[in-house]
Number of protein chains: 2
Amino acid sequence: MAENRYHYQAEMLKALAHPTRLQILELLKGGELCVCKIVPELQMEQSNVSRHLNILKKEGLVSSRKEGLKVFYRLADLRIHDLLEASSELLKIFWERRQKTLV
Amino acid sequence: MAENRYHYQAEMLKALAHPTRLQILELLKGGELCVCKIVPELQMEQSNVSRHLNILKKEGLVSSRKEGLKVFYRLADLRIHDLLEASSELLKIFWERRQKTLV
DNA sequence: TTGCTATATATAAATCTATTCATATAGTAC
DNA sequence: GTACTATATGAATAGATTTATATATAGCAA
């Protein structure tokens, strides 16, 4: 458990590195959303969505507020966009490169 | 195995999301390196380093060339910097935020 | 109070990941 | 050919992650 810089950086990236969690963050780009709006977008149990939201929250990537029975989640910082876009960008580059080498 | 965009993006981020692999990428920022130079930098078995290098390679993040007995690895694309820096940036923001709320 | 709704959590099973040790492969030198 | 070096891989294990099912909690309404 060497808790150096790389350790913490890896923890944050690990929180991002799941298709469901990426999709949740994408949904939240449009603004805060109630869990009750997030669940129907994902083909997945409510309990499971709740766990993924918790993982994002523990890593500080999203925050939430309660309003009656409902809980609304939002991106904790808009600079999360930059990270997601840098990774989309790389993905596109690698994809195109792979296409070329296959032709 | 729903292989959509989020799936591939998550795969790439998962390859990044390990302290050892982040450190390897950091080392490679300085230019290509022989495995024999990478191993001593990491407190870790050679076989394990080899596996981590392979994970990075399979994801397209690094590439390698052979020269005699030695194998040299390098970043596959310099835009990997952007991704790593975006994540460092976020990490710093979250860290500072945490410090403030603890004071 | 009871009943209902929205969200979270406990537990367990299945799957995936990281690690080590031992061994294999590939290249060089003799 | 043998001996040596650098890197990769197989097999086993330990540990972490994801998921589903069931249950718990919290807030509202009557």
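What you are looking at is a predicted structure, and each value in this text was computed from that prediction instead of being measured. Order of the sequence lines fixes the chain letters, A, B, ..., with proteins taken first and strands second; residue numbering starts at 1 for each chain.
Straight-line distance from the CG atom of A:L56 to the C1' atom of D:dT17: 14 Å, rounded to whole Å. Look at CD on A:Q43: it is 19 Å from P on D:dT18, rounded to the nearest Å. Rounded to whole angstrom, the span from the CE atom of B:M44 across to the P atom of D:dA8 amounts to 15 Å. Rounded to a whole Å, the NE2 atom of A:H18 is 10 Å from the P atom of C:dT17. Taking atom CD of B:E59 as the reference point, atom P of C:dT17 lies 11 Å away to the nearest angstrom. B:E11 has its CD atom 10 Å from the P atom of C:dC16, to the nearest Å. In this structure, CG of A:L42 is placed 14 Å from P of D:dT18, rounded to the nearest angstrom.
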Pairs under 3.5 Å (N/O, protein and nucleotides 25-30 of chain C):
from, atom 1, to, atom 2, distance (Å)
C:dA26, O3', B:K66, NZ, 3.3

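Across all strands, A:Y73 comes closer than 4.0 Å only to sugar-phosphate atoms, never to a base (heavy-atom distances). Note on B:E45: only backbone sugar-phosphate atoms sit closer than 4.0 angstrom, heavy atoms only; bases stay farther off. Looking at heavy-atom distances under 4.0 Å, A:S47 makes contact with a base. Among the atoms of the strands shown, only primed sugar atoms or phosphate atoms (P, OP1, OP2) are found under 4.0 Å from some heavy atom of B:I55.
Nearest to the side-chain atoms of B:K70 among the listed nucleotides C:dT17, D:dA6, C:dA8 stands D:dA6. Each of D:dT18, C:dT7, D:dA20 was ranked by its minimum atom distance to the side chain of A:R21; first place goes to D:dT18. Residue A:K14 has its side chain nearest to D:dT17 when only D:dT17, C:dT7, C:dT19 are considered.
When atom types are taken as modelled, the side chain of A:S88 and the backbone of A:L84 share a donor-acceptor pair closer than 3.5 angstrom.
Regarding contacts with the backbone of C:dT20, a side-chain N or O of B:N48 is found under 4.0 angstrom from either OP1 or OP2. For the OP1/OP2 pair of D:dT17 and a distance below 4.0 Å, the side-chain nitrogens and oxygens of A:H52 include no atom meeting the criterion.
Side-chain atoms of A:R51 come within donor-acceptor range of the base of C:dT11, with a qualifying N/O pair under 3.5 Å. Counting atom types as modelled, A:Q46 pairs a side-chain N or O with a base atom of C:dA8 as donor and acceptor under 3.5 Å.
Test B:R79, B:H81, B:R74 against B:D77 for side chain to side chain donor-acceptor pair (under 3.5 Å) and you get one pass: B:R79.
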Item checked: Verdict with supporting geometry, A:V71 and A:L53, side chain to side chain contact (heavy atoms under 4.5 Å, CB included) -> CA-CA 11 Å; A:V71 178; A:L53 286 166; over 6 Å; no
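Follow the hydrophobic side-chain contacts under 4.5 Å out from B:I38 and you never reach B:F72; the two are in separate clusters.
Salt bridge status for A:E59 with A:R21: absent, with no side-chain N to carboxylate O gap under 4.0 Å.
Heavy atoms from other residues, nucleotides or ligands lying under 6.0 Å from NZ of B:K29 number more than 12.
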